[in-house]
Amino acid sequence: MSSVLLYDTTLRDGTQREGISFSVVDKLHIARKLDELGVHFIEGGWPGSNPKDVEFFDKAQSLLFSHSRLVAFGSTRRPGAKAEKDANLLALADAGVDVVTVVGKNSALQVTQVLETTLEENLSMIADSIRYLKAKGLTVFFDAEHFFDGFKTDSDYALRCLTVAAEAGADCLVLCDTNGGTLPDEIMAAVEAAGGVSDVPLGIHAHNDAELAVANTLAAVKAGVGQIQGTINGYGERCGNTNLCSIIPDLKLKMGIDCVTDEQLAELTEVSHYVSEVANLVPDTFLPYVGSSAFSHKGGFHVSAMAKWEGSYQHIDPTQVGNRRRVLVSELSGKRSIIYKAKEAGLDLSLSGKDAQKLLDQVKLLESRGFQYDNAEASFELLIQRAKPDYQPPFELVDFMVVVEKRRRLPTRESLEESLSEAMVKVRVGTEIMHTVAEGNGPVNALDQALRKALLKFYPSLAQVKLVDYKVRILEESTGTESQVRVFIESSDGVDEWRTVGSSANIIEASWLALADGLEYWLLKQKTRLSG
Ligand SMILES: [Zn+2]
C-alpha cells in the first residue's frame, strides 16, 4: 500500500470545538507533542483571521521540529479583489512557513447562496490565490470546501474547481466533507472521480456529524488518497473531525501503512491525554485505542479467558498504542479476576484460592455499602495492599472537622452572600501527628487543602498530584438527603490518572475516603517506583 501523510489540524479546526480555547503557549506545547508523535504536517492556525495565530507563527519560528512541517491556513481571495492586495493571502505569505493551505468553495450552491458571487468568479478566486502563493515559492495545499456535497448536486462544477486548482499549481487537492454527512461509498465514488481530473495527489478532510469521519477517511485511503487530515481526540467544529488517535492505529495496525514508527505509535495514549489536559477537558475514557476503558475487562468469563489467552477479548495488544489492559472488579466477576488483579498490582503474595475468596467477600461487603470498584482500580489496589499483614500506610487519619458557614456581609441580596468552608485535619505520619487547618471554596476543597498541607512536609512531591474530576452519586434516590452517597475522584500527576471511590451516608466522609485513597495510592506507587 502506498504511503500516507498525516496532517494535524488540532490547533485550527480542533479549537473550533465548543469549550476549547488554547493560549499561544498551549499551542506551542501541543505542536511539540505532535512532532514527537511524527505527524507530517501541523496546521498552526489562521494568521489572517486573528492576532493570536500571528503571534503563534512568530514564536513557532524557534521550534525545531524533527518530523513535522508547520502549515499556515487561510482562504482564497475575496470576490472582486486582487490576490496581491488581499490581507488574508498577504498574512499567509508572511507567516514564515513554507507550506500553506488555502480553502476555497467547491459547491455551486455555496458559491451562489453564501459567497454570493458567480461561479466563474469563484474559479478565478481559486486560481489567483494559488498562483499568488506558488509565486512566493510556497508548497500550497488546496482545501476543497464542501467538495462532497457539491459533487452530489453539481459534480461538473465541483470537479471543475479541482481542475482549476491543479492547473494553478496546487500540490495537493484536499477533498472536504465539511458538513460531515457523506457515506463511505459516496466518498469512494467521489474520490475516484476527483482522481480523474489531474495527477495532483489527493487528501481528505472529514467531519464526524454522521459518526463516519474515521470510516470515510479509511474509505478515501482505499480509493487512493495520500494525505489525511484530522485532530487529536477528534476535537473539532460541532461533532468534531477525523480522530487521529483512531485513524493512525487503523492505518498502521489494520492496513499495514507505516505512517508513524512503532515507537511513535506507542506515544499515542500519552499524546491523547496530554492534549485533553491542555484543552482542560476530562479524557474520554471510552475512546477507542487510547481511552482507559478501551482494554478494560469486567465480566468474570472474559477475565478468566484473558488469563488463558491475552488475545481472547482484545483486538490488539494495548501496549502498541501505549495503553494498558485493566481488569475491573465487581460483584459480577469471580475469584479469578481478584487473583488476576492482585497479580496486576504486582503483589508478591500469591493469593491462594481461599485468600482470594476472602478478598472477594470483602469486596462484596463493601459494594453492598455503596462502594464500587469497577472504575476505581486505585482504591481496589489499596484494598489488596491493606490485606497484607505488614502493610505500612504512608499516613493515617486521626480525625477531621469541617465547618461550613454562610455569611451575609452587606445588605444587598444576590452579590455579596458568600459561604466559607474551613477544615481541620489531624493525621499521623510515622510517629508524628500533624494538625492543620485550611480554607476552601467548599467543604471538600477545604478538606483536600488541609490534608495536603499536613502531608507536603513529609512528601513534597505530592504537590504534582491534582484532583481532575469529582463525581457524586446518590444511591437510593427515594430517601432524599438521608441516602447513601458514592463519591468518585480522579487524580492525575500530569502523566497518569487514577480513580478512587468513597461511600457513606455522609457526603463529606465519602469524599474524604476517596480523597485520602487518591493520595495514598500515589505515595505507594512512588515508593515502589523508587525502591524498584
Ligand atoms: Zn473542518
Side-chain angles (χ1 to χ4, degrees), residues 1-14 34 39-44 68-76 97-107 126 129-130 133-134 138-151 158-159 161-166 168-180 182 184 186-208 212-231 234 236 241-244 247-248 250-251 255 257 259-260:
M1 191 88 178
S2 59
S3 69
V4 160
L5 298 175
L6 303 168
Y7 182 111
D8 178 279
T9 176
T10 307
L11 302 180
R12 202 265 309 166
D13 230 353
L34 291 167
V39 305
H40 305 90
F41 300 100
I42 299 172
E43 192 177 80
S68 311
R69 292 169 79 188
L70 198 60
V71 185
F73 179 90
S75 70
T76 52
V97 295
D98 54 13
V99 189
V100 295
T101 292
V102 61
V103 60
K105 298 224 178 287
N106 279 245
S107 145
I126 295 171
S129 306
I130 294 173
L133 294 166
K134 284 306 292 179
L138 301 167
T139 295
V140 180
F141 298 152
F142 176 61
D143 259 12
E145 195 191 23
H146 289 116
F147 171 76
F148 294 98
D149 291 336
F151 186 81
L159 294 173
C161 293
L162 294 184
T163 309
V164 163
D171 297 283
C172 183
L173 306 173
V174 184
L175 312 175
C176 302
D177 188 22
T178 310
N179 295 1
T182 309
E186 298 169 329
I187 294 274
M188 287 185 99
V191 168
E192 271 155 28
V197 308
S198 75
D199 293 332
V200 179
L202 299 176
I204 175 91
H205 175 110
H207 276 269
N208 204 32
L212 291 168
V214 167
N216 283 343
T217 301
L218 290 178
V221 170
K222 288 252 183 200
V225 151
Q227 181 192 110
I228 63 168
Q229 301 199 348
T231 60
N241 289 56
T242 299
N243 185 355
L244 288 180
I247 202 86
I248 292 173
D250 280 348
L251 291 170
M255 288 169 80
I257 299 174
C259 48
V260 295

| L251 vs I228, side chain to side chain contact (heavy atoms under 4.5 Å, CB included): CA-CA, chis, key distance, verdict | CA-CA 11 Å; L251 291 170; I228 63 168; 3.4 Å; yes

| query | So do V102 and I130 actually touch side chain to side chain, heavy atoms under 4.5 Å? | reply | yes

| Spatial distance of atom CG (N106) from atom CG (D143) [nearest 0.5 Å] | 9.5 Å

| Nearest heavy-atom neighbours spanning L162 and A144 | CD2-CB, 3.8 Å

| note | From the list V164, I126, L133, side chain to side chain contact (heavy atoms under 4.5 Å, CB included) partner of F142 resolves to I126

| Minimum heavy-atom distance between L173 and A166, given as atom pair plus value | CD2-N, 4.2 Å

| remark: Heavy atoms of V197 and T163 approach each other most closely as CB-OG1, 3.7 Å

| Flag side-chain contact, heavy atom, 4.5 Å: L70 against V99 | no

| Can you check side chain to side chain contact (heavy atoms under 4.5 Å, CB included) on Q227 and V174, steps first, answer last? | CA-CA 8 Å; Q227 181 192 110; V174 184; 3.5 Å; yes

| note | One should read off an interatomic distance between S68 OG and E43 CD, to the nearest 0.5 angstrom, of 13.0 Å

| note | Value for CD1 (I204) from CZ (F147), rounded to nearest 0.5 Å, stands at 9.5 Å

| With respect to I248, which candidate in V260, N243, I257 satisfies the side chain to side chain contact (heavy atoms under 4.5 Å, CB included) definition? | V260

| task | Would you name the heavy atoms of G236 and N241 that are closest together and state the gap between them? | result | CA-OD1, 3.2 Å

| query | Checking side chain to side chain contact (heavy atoms under 4.5 Å, CB included) for the pair Y7/L244: CA distance, chi angles, key distance, verdict? | reply | CA-CA 9 Å; Y7 182 111; L244 288 180; over 6 Å; no

| message | Quick one: does any side-chain atom of H40 pair with a main-chain N or O of L6 as donor and acceptor, under 3.5 Å? | response | yes

| note | Those residues at least two apart in sequence (or on a different chain) that pass side chain to side chain donor-acceptor pair (under 3.5 Å) with T231 are none

| Which atom names give the shortest non-hydrogen contact between A168 and K134, and what distance separates them? | O-CG, 3.9 Å

| Taking atom CG of L212 and atom OG1 of T217, what is their separation to the nearest 0.5 Å? | 10.0 Å

| task | Would you please test L11 and F73 for side chain to side chain contact (heavy atoms under 4.5 Å, CB included) and show each step? | result | CA-CA 11 Å; L11 302 180; F73 179 90; over 6 Å; no

| task | Kindly say whether V140 contributes a backbone atom to a donor-acceptor pair with the side chain of D171 at under 3.5 angstrom? | result | yes

| task | Pick out which of L175, T242, D13 makes a side chain to side chain contact (heavy atoms under 4.5 Å, CB included) with H205. | result | D13

| To the nearest 0.5 Å, how far apart are CD in E145 and CG in N179? | 8.5 Å

| query | Which value, rounded to the nearest 0.5 Å, describes the distance between L218 atom CG and D250 atom CG? | reply | 5.0 Å

| field | Check: A206 main-chain N/O paired with N216 side-chain donor or acceptor under 3.5 Å | value | no

| request: Taking all non-hydrogen atoms of both residues into account, name the closest pair between C259 and V4 and its distance. | output: CB-O, 3.9 Å

